[in-house]
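Below: the structure, in structure tokens.
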Amino acid sequence: MPISGFPEWLPPQRMIEQYVLDRIRTTFELYGFAPLETRAVEPVDTLLSKGETSKEVYLLRRLQEDPDQKSDDNLGLHFDLTVPFARFVVENAGKLNFPFRRYQIQKVWRGERPQEGRYREFLQADIDVVDRDTLPFHYDTEMPLVIGDVFRGLPIPRATILVNNRKVCEGFYRGLGLADTDQVLRTVDKLDRIGPEKVADLLISTAGASRRQAEACLELASISAGDGSFADAVRKLGVDDPLLDEGLAELLQVVETAGRLAPGLVRAELKIARGLDYYTGTVYETQLQGYERYGSICSGGRYDNLAASGTERFPGVGISIGVSRMLGLLFGKNALAVSRKVPTCVLIALPDEEARPGCDAIAAALRGRGISTEVAPVPAKFGKQIRFAERRGIPYVWFPGEPDTVKDIRSGDQVEADAAVWEPPAEDARPRITQQ
RNA sequence: GUGGUCGUAGCUCAGCUGGUAGAGCACCGGGUUGUGGUCCCGGGGGUCGCGGGUUCAAGUCCCGUCGGUCACCCCA
């Protein structure tokens, strides 16, 4: 029986997932991010102090547990990869070289009510850079470029990375005279769901805003541009605040750098807020074209205060691809296809059981040259054996004989072949993943 | 965690106001005594998600539960 929120893919989907993970990993390493894996559990205190609501954390507990055990060493499954990473950095600061760039591709768990693209167990692929004391801003501009590179190499719809900066919002709200900037942010974040009228009402009733202040917040949130023009639009609103200026300069740098290096990838979108958690500056969200209503498939941001030990601080910036969400959505629309259901490229036909050692030798010769090969399970009629291959999408059937022949069962072409030298065309060597 | 909605064969679904289950595709076998895909013939498969209730009788009505999905919450 399936368990709600714990998806299990069939082999074709898993093959697509592994292909995607390979692309992600090689691209991350191309940018010099070092691999890291952290344990699945953290002390509950660590998880809860970083802004996650307790009801979403899964606890780790033995079946027979001493009820008197100390509550402060309770363990919970991590709900993202950034919090464990921050803990890891503080713990291993002496052994790491800063700035430290790492990637982490792991399962995370959240006790939510699942729906399409939302699971309780899912894969994230995360990159972060952390430094001691201060982290140069140019890393904030690098994150979307890495992700753009990953997505460009995948057979998926176009992705747009929406960027904002908390300093812009907070500075703007402060400059307007609003004190509870967090509450304003959280309310504005609901814009897409409840609409501008209700947001304005909420700002007035819960964040102490006047009608005019609420409208200014909405005007700010409505600004969106693929180039630096957003900055003028913000300034036109006539609000003045040093934090706002700082935020605008940062956001401008992200948008203009991306505009130069990856045109069309990044958009300033002043309404995105990223809930409440630990972000202090740049924030990212990513939309897949045609899947906008399912929300972000890749998010992150700048966190200056997440990792700290005593007087030492380790500011960081990171972004995380929601691999399971992205694939779940694409699978749901049948947007991805794989050319065969198994890795096998060649099926060796088996004339009779006496021929099996010879067939195994042919298979070994092909495998020795990197060609995925299996021998037919039983010496059925050749028609059946071809069908066996066809059902699985295996493109070639090899007939032992004098001489051996190999048949491309898609075209029907059958040619003489020598297991010591024959090669499939490059496009048939591995299953191909294509966009539908 | 709260609420809505759906759950019949591997898949897509039909089954009217309750009268003890069907189609197409898929799968297996044969026609085709060792080279598939077309065509023809035949076949296997369902505790109608699960449990309980109402009824002479429940796939069909009621309750619960599990699962999918949607909205809230939150977010990858």
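The sequence lines fix the lettering, A, B, ..., with proteins before strands; numbering per chain opens at 1.
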Q: Please determine if a side-chain N or O atom of A:S4 lies less than 4.0 Å away from the OP1 or OP2 oxygen of B:G68.
A: yes
Could you give the side-chain donor-acceptor pairs of residues 153-164 of chain A under 3.5 Å, partners two or more places apart or in another chain?
| unit_1 | atom_1 | unit_2 | atom_2 | d |
| --- | --- | --- | --- | --- |
| A:R158 | NH2 | A:G264 | O | 3.2 |
| A:N164 | ND2 | A:L270 | O | 3.1 |
| A:N164 | ND2 | A:I272 | O | 2.8 |

Q. Mind checking what makes salt bridge (charged side-chain N to carboxylate O under 4.0 Å, His left out) contact with A:D304, not counting sequence neighbours?
A. A:R302
Q: Using salt bridge (charged side-chain N to carboxylate O under 4.0 Å, His left out) as the criterion, list what pairs up with A:R101, not counting sequence neighbours.
A: A:E142
(Q) With salt bridge (Lys or Arg N to Asp or Glu O under 4.0 Å) as the rule and sequence neighbours excluded, what pairs involving residues 317-342 of chain A come up? (A) none
(Q) According to side-chain hydrogen bond (donor to acceptor under 3.5 Å, both in side chains), does anything in residues 342-351 of chain A pair up with another residue at least two apart or in another chain? List the pairs. (A) A:T344-A:E374
Q: State which residues pass salt bridge (charged side-chain N to carboxylate O under 4.0 Å, His left out) with A:R313; sequence neighbours excluded, sorted by chain then number.
A: none
Q. Which ones in residues 354-362 of chain A lie close to RNA chain B, meaning a heavy atom under 4.0 Å from one of its atoms?
A. none
Q.
For RNA chain B, which residues of residues 390-397 of chain A approach it to below 4.0 angstrom with any heavy atom?
A. A:E390, A:R391
(Q) Between A:E170 and A:R174, does any NZ, NE, NH1 or NH2 come within less than 4.0 Å of an OD or OE carboxylate oxygen? (A) no
Q.
Which helical stems does RNA chain B take part in, if a stem means at least 3 consecutive Watson-Crick or G-U pairs with both distances below 3.5 Å?
A. B:1-7 with B:66-72, B:10-13 with B:22-25, B:27-31 with B:39-43, B:49-53 with B:61-65
Q | Neighbours of RNA chain B within residues 323-353 of chain A, by heavy-atom distance under 4.0 Å | A | A:R325, A:L350, A:P351
**Q.** Residues in salt bridge (charged side-chain N to carboxylate O under 4.0 Å, His left out) contact with A:R410, at least two apart in sequence or another chain
**A.** A:D408, A:D428
**Q.** Residue pairs passing the side-chain hydrogen bond (donor to acceptor under 3.5 Å, both in side chains) test where at least one lies in residues 378-387 of chain A, sequence neighbours excluded
**A.** none
